[in-house]
Amino acid sequence: MTSALRTEQLTKRYGRRTALDRCTLDVPAGHVVGLVGPNGAGKSTLLQLACGLLDPTAGRIETLGERPASGSPRVGFVAQDTPVYGGLTVAEHLRLGAHLNPSWDATLAERRIAQVGLDPAQRAGKLSGGQRAQLALTVAAAKRPELLLLDEPVAALDPLARRTFLQGLMELTAESGMSVIMSSHLVADLERVCDHMIVLVGSRVQIAGDVDEMLAGHHRLVGPRRPVGEGSGWDVIEESHTDVQSTLVVRSTAPIDDPSWQVNRLDLEDIVLAYMAGAAGGAGRERVLEGQR
Amino acid sequence: MIWLTWRQFRVQVITGAALLVLVLAAVLISWGEVSGLASSSGYAGCAGTACAAAAETFLDALQETASRLVYVGTIAALFLVPALVGVFWGAPTVARELESGTYRMIFSQSVSRGRWLLAKLGLGAAAVVAGVGLLSLLLTRWAHLIDQAAGNRITPLIFPGRGLVPVGYAAAGFVIGVTLGLVLRRTVVAMAVTLMVVAGLQVAAPLVVRPWLAQPISTAAALNVDDLDGIGMNVETGEMHLRVQSSINGAWVLQNTVLGADGKSFVGPADLTKCGPRAGFETCQEWLKSQNLQVRMTYVPGAKFWTVQWREFGLLVALTTLLSLLALWWIRRKLV
């Protein structure tokens, strides 16, 4: 099976600023993938590279086994802030989609518009943020792409609109079997719909993989204070120390059997936050350790 | 793509078409008046030497009429059309999409960027060519007798409003607007720069480009003092400037200077005993005759009108094509 998205040493620079730094990824097809990271981590850049809106500075990127190019009928994209034409009505957006996409599914489009309660005669400029997002999703989905890329589709929506949008997205993926890559800076949004996760912090991929494996492979260890030794068979993602106690977030495929640690389960948000904090405090952590010796 | 382009463009097209209809109506309504005056003044169908006087009568009769307004108005309109088309049709076409972010939506449909831009350029340019072409065609026929009588259709004031070049300027204005919108990415900035570029082009054309295209003729002949149109002089220093009437009918005179015996532009000094307030005009004429003055004239004869029209039109078509190709390359390679 071809990958939905494959990158090798993918780098994108805007002038002197590096937005994406040597990312290597392989996302299998047929998943709903969450792309999570703080603002400015390079999520939008990665998605725009994947749909061909941007060209990489260095490295390689392939979507569905092809070099991305805008205008591909196989890849759908909903950009950040879900742009739509303010002067066109909802019905005209569907007509636009029908004219510009040979694979347009008019039945799906009309059914979704009715489902989410959009008035076809309404101008898109007068829609609320949630309605606009639904319209943009409908246009992108009715194109029947094999891979749908969504860039922070719910960022501007209130909690209820978020839930409705995500529900709609889940229904779509369930019935069509398309792959979805969706970015957000909130794990909670992704947790409900994604079975795969990419964590992007500071222009680099921190971890990418199956959500269940991620949950099974990460642990929080609490125990008496001690320096973190090498070669314990796990990777330390994040650590914090008080006078008497050390708390570590570690990745380990093998079970932790050291009885001096109390092992706790982590949820997805904890894991992602640990990676964010770990990446942000990387340099600082080493300095702290040196001071303790 | 055609539907979408039309849908986004229709307000501008309808506005433009409405204005066009107004101008065309004015031209058609005054048609009868112009041809009526042409025959009543005896200019229409005149022959030989009677024509010069009849032309004068015809033009004088036109002065007080509504047709005169149409004449001046259409000249002004065709000067403005390239800028208006560039600013209001061309510049927003792509810039608005880039500014509002809708390009990200449209580029993720199953249409390549090149085709998207090509549809916009093609349909926009076609509308411009059709509208301005119709206007220019009608106007050139309507003003045919007036231009002939005035003998000025090759002069910079009339030339860009007759024949083929209005179409070329309008199409170039449109593509300049689209290209600048694409490169500058801001609607208002693109509009302002388009206005400057198009106006610059219109100013540069008669000053630099058209003389080069027209290959003017230069002649030098002995000054016939009776042809003098005016003499300006400084009574203190005797410095003088001579103005000569152009003797070539229907030509665009680029340069018309009086040269002294040394071959340089003649500026005097005058012999104040023979010329000036204390001497008579006759003696001054006599004195000027003795100075071996020459007139150097550089001009484009009226007969070259269509040659220059085709050349300038060709140049504008080349510019339009080149800019379109640049825009198509830019949207594929350079955009974001």
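In what follows, chains are A, B, ... by sequence order, proteins preceding strands, each numbered from 1.
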message: For the CH2 atom of A:W104 and the CD atom of B:Q109, what is their distance to the nearest 0.5 Å?
response: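 The distance works out to 7.0 Å.
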field: Between CD1 on residue B:I331 and OG on residue A:S70, distance to nearest 0.5 Å
entry: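 It comes to 8.5 Å.
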Within the supplied structure, the quantity of interest is the number of heavy atoms (other residues, nucleotides, ligands) at a distance under 6.0 Å from [X] [atom1]; does it exceed 12?
{"X": "B:L207", "atom1": "CG", "answer": "yes"}
{"X": "A:R111", "atom1": "CZ", "answer": "yes"}
{"X": "B:F9", "atom1": "CZ", "answer": "yes"}

task: Identify which of A:G86, A:A79, A:P145 forms the greatest number of heavy-atom pairs closer than 4.5 Å to chain B.
output: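 Highest number of heavy-atom pairs under 4.5 Å: A:A79.
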Of the backbone (N, CA, C, O) and the side chain (C-beta and beyond), which part of [X] lies under 4.5 Å from a heavy atom of chain B, both, or neither?
{"X": "A:L88", "answer": "both"}
{"X": "A:V75", "answer": "backbone"}
{"X": "A:R95", "answer": "both"}

task: Report the option among B:E97, B:R7, B:M1, B:M105 that has the most heavy-atom pairs separated by less than 4.5 Å from atoms of chain A.
output: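 The candidate making the most pairs under 4.5 Å is B:R7.
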- prompt: Which region of B:T102, side chain (C-beta onward) or backbone (N, CA, C, O), has a non-hydrogen atom less than 4.5 Å from a non-hydrogen atom of chain A, or is it both or neither?
  reply: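 Both parts, backbone and side chain.
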- prompt: Can you tell if the side chain of B:R113 reaches within under 4.5 Å of the side chain of A:L53, non-hydrogen atoms only?
  reply: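 B:R113 reaches A:L53 side chain to side chain.
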query: Do A:L96 and B:W3 have side chains that get closer than 4.5 Å, going by heavy atoms?
result: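 Heavy-atom side-chain distance check passes, below 4.5 Å.
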task: Look at the side chain of A:N101 and the backbone N and O of B:S110, then say whether any donor-acceptor pair between them is shorter than 3.5 Å.
output: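 The answer is yes, because a donor-acceptor pair under 3.5 Å joins these two groups.
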A:P83 versus B:R104, closest heavy-atom pair with distance: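 So the minimum-distance heavy-atom pair works out to CG-NH2, 4.1 Å.
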message: Does A:L100 form a side chain to side chain contact (heavy atoms under 4.5 Å, CB included) with B:W116? I'd like the steps, not just the answer.
response: CA-CA 10 Å; A:L100 299 188; B:W116 176 78; 5.7 Å; no
